[in-house]
Amino acid sequence: MCGIIGYIGSREAVPILLNGLKKLEYRGYDSAGIAILKDNRIQIKKCKGKIVELENLLERGLPKGNAGLGHTRWATHGKPNNLNAHPHNGCNSEIVVVHNGIIENYMPLKEKLILEGHNFTSETDTEVLPHLIESNYQNDLTLAVKESIKEIEGSYAIGVISSLGPEKLVVSRCGSPLIIGVGEGEMFLASDIPALLGYTNRVIFLGEKEIATITKDGVEIIDSEGNILQKDIIKIEWDEEMTEKSGYKHFMLKEIFQETMVIRNNLEGRINLSTKTPELNDLSLPLDKIKEMERIFILACGSSYYTALAGKYILEELIGVPVEVDYSSEFRYRKLLLGKKDLTILISQSGETADTIAALKACREAGSHILGLTNVRGSTISREADSVMYIKAGPEIGVATTKAFIGQLMCLYILSLYFAQVRKTLNSSEIEKIVSELMKIPQMVEIILLEDPKIVKLSEEFYKYHNFLYLGRGINYPIALEGALKLKEISYIHAEGYTAGEMKHGPIALLDKTFPVVVIVPQDRIYAKVINNIKEVKARDTLVLAIATEGDKEIANIVDRAFFIPRTLDILYPILSVIPLQLFAYHIADKLGCDVDKPRNLAKSVTVE
Ligand code: AGP
């Protein structure tokens, strides 16, 4: 959701905060602001819109100072406007706060503070924080923050700066992520890693309700009781170049063209190339847990939910254990019917999605073993899960996920083969057959990416339509859902994913020549059924674009347009068929002039409910 950045050192803070905010902008871009401390005076500069608007504002007066906080907003409480933009200050500009999260009890706190004589100027929940800290302040900012967080309910990552007392930043978090960057004679803080990589790759991950007091010489961290904590400094393997566009027009396009690398990353060290068997030595999931598991629950949100759905088909096919898939946001309020012999798999690129973190806590209480599939080392899910499998996609900046989706699918394939090996549901030659084909997937993806110009041509033909139906069947149904989501979220065109078999039970009523259909129809065991569904659609004069298998002579006579993907095993088609759908959505959105990397109303990591 929102992005927070902070700096304290001997360099000018503004350029560092602006650079950090640009790296965080994918977390929210409704408004932005900074607060700079110098000579016991804080200057706040903030405005509605993207970071570029803030830069324009700063051209008319650049605050000087070596300590400051910055914020880019995804609006939850109060419209995107200058007044609701962060940072927020108390009754005077002595205590200033930036916040990511939701203060659920802000109304009663606000009423209490108004009775104490505090004046509020914004509609935000956040503004109660500087007033609350102000009312708890007795010459020690850290203690004032410690007392104040005892009174707030909800999720928060907060940065506090004050013109009272020595130069320091005080930060705390609960639910929302916050990372401290360790420099030489300077310190940093940020909502996530990419914002720090230009300055340091040595970081400290703040735990729940911990409070850190940061000066240019270092950091002191206490728990909510005031006990001093020793925290590890973690070295991050990513570098800043990985967070640049590297000559691509958009991060999304760069990240799609990194998918071959992501697939190779996931095969490396997880497949024994000589025996063609899966080896998950870094997966701390006890063998007895794998042997005894009676059911698997996969929980996730958004696109990660669609990989979870594909995971159901893969796991049930290869290990024959019933798999339940649910949206984390729904699962957490369902009656929990899971126990010790059930494995919970949480899928989250960011590792910070609030609903998935809440589902983790619910499954833990039920005694289920938690396996997290995530992309971000040090993220909440990677720290809270019992076992973790990293999807090795590298930093993903484009709000619409692409390469992480591929990384998640690769993890589910390798994990399923590993479970099948441990539970002996597949013999070595069956495992070898799938592993051999999996090892050919990188070349197949190269072939698809080389055909991008064909997808550009298709997008030039289809970008003018306002509604799309995406169809798939069996293991390709989740890919139809993902294809539709990609188009929706970056081009704002209405698109619906549907299982091809269900279409005639309703959505077929929508169809006419203004409502194109994109259908995933590889030559797998249900090919003939999907062909029937295509004929039902064509009978309504609908324009049909097929994602089909190379060498399929029949399909060209049935559909209007076809994009061919390499032939592979039925169970592996999802990882090939999603890529042309990612590119199709990208080129349509680009043709429509959309801000592909920062689509309206979205954020890369949803850290509030
Ligand atoms: C996908 O393109 C979106 N960015 C969104 O649906 C995303 O998949 C969802 O918010 C889940 O995020 P996570 O994988 O980081 O938990």
Side-chain angles (χ1 to χ4, degrees), residues 1 3 25-29 74 175-177 191-194 250-253 255-256 259 262 298-311 325-332 345-360 370 372-382 384-385 388-409 411-412 478-479 481-492 495 497 578-579 581-586 589 594-609:
M1 230 87 242
E25 198 167 19
Y26 66 163
R27 301 177 63 88
Y29 21 89
W74 191 88
S176 303
S191 295
D192 63 27
I193 294 165
H250 292 104
F251 281 107
M252 183 178 178
L253 189 62
E255 288 156 4
I256 294 172
E259 290 175 342
V262 171
I298 316 182
L299 308 172
C301 300
S303 289
S304 296
Y305 170 81
Y306 297 146
T307 45
L309 214 44
V325 176
D326 205 348
Y327 287 109
S328 307
S329 51
E330 286 302 311
F331 179 81
R332 57 183 299 199
I345 301 178
L346 303 175
I347 305 182
S348 175
Q349 184 284 129
S350 62
E352 298 293 355
T353 297
D355 285 311
T356 304
I357 292 170
L360 181 155
I370 315 276
L373 258 59
T374 186
N375 193 32
V376 181
R377 281 182 190 284
S379 61
T380 301
I381 287 176
S382 74
E384 305 272 331
V388 184
M389 194 173 181
Y390 290 103
I391 66 171
K392 301 183 174 182
E396 188 177 65
I397 312 292
V399 167
T401 189
T402 52
K403 63 176 181 173
F405 189 90
I406 295 291
Q408 290 166 356
L409 275 179
C411 282
L412 289 164
I479 304 306
L481 293 168
E482 175 60 7
L485 177 62
K486 284 282 102 49
L487 189 66
K488 273 187 276 214
E489 66 179 327
I490 61 174
S491 73
Y492 320 139
V578 73
I579 300 171
L581 299 182
Q582 294 171 344
L583 288 166
F584 184 64
Y586 170 78
C594 299
D595 187 342
V596 169
D597 284 337
K598 293 194 281 288
R600 70 186 184 203
N601 305 340
L602 286 181
K604 182 66 183 170
S605 156
V606 182
T607 55
V608 294
E609 288 176 50

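Numbers here simply count residues along the sequence, with the first being 1. Each ligand, and each atom within it, is numbered from 1 in the order the structure gives.
Ligand 1 places these atoms under 4.0 Å from at least one heavy atom of A400: 2 (O). Taking every heavy atom of T353 and a limit of under 4.0 angstrom, the matching atoms of ligand 1 come to 12 (O), 13 (P), 15 (O), 16 (O). Less than 4.0 angstrom separates some heavy atom of C301 from each of these atoms of ligand 1: 8 (O), 9 (C), 11 (C). Less than 4.0 angstrom separates some heavy atom of S304 from each of these atoms of ligand 1: 8 (O), 13 (P), 14 (O).
Between H250 and Y586, the ring-plane angle classifies as perpendicular under the 30° and 60° cut-offs.
Contact annotation: K486 has at least one heavy atom less than 4.0 Å from an atom of ligand 1.
One option in V606, T356, I347, L373 has a heavy atom closer to atom 10 (O) of ligand 1 than any other, and that option is V606.
Only the side chain of E489 comes within contact range of ligand 1, with a heavy atom under 4.0 Å; no backbone atom does.
Not a single donor-acceptor pair under 3.5 Å links the side chain of W74 to the backbone N or O of Y29. Side-chain N or O atoms of K488 include one that pairs as donor or acceptor with a backbone N or O of A495 at under 3.5 Å. In terms of modelled atom types and a separation under 3.5 Å, the side chain of E255 and the main chain of I397 share a donor-acceptor contact.
Between V399 and ligand 1, at least one pair of N/O atoms sits closer than 3.5 Å. Checked against a 3.5 angstrom limit, the closest N/O atoms of T401 and ligand 1 fall inside it. Taking only nitrogen or oxygen atoms, main chain and side chain alike, S303 reaches within less than 3.5 Å of ligand 1.
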(request) Go through S303 and E482 one step at a time and tell me if the side chain to side chain contact (heavy atoms under 4.5 Å, CB included) criterion holds. (result) CA-CA 6 Å; S303 289; E482 175 60 7; 2.7 Å; yes
(request) Output, in order, the C-alpha distance, side-chain angles, deciding distance and verdict of side chain to side chain contact (heavy atoms under 4.5 Å, CB included) for Y26 and D597. (result) CA-CA 7 Å; Y26 66 163; D597 284 337; over 6 Å; no
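Atom NZ of residue K604 and atom OG1 of residue T353 lie 9.5 Å apart, to the nearest 0.5 angstrom.
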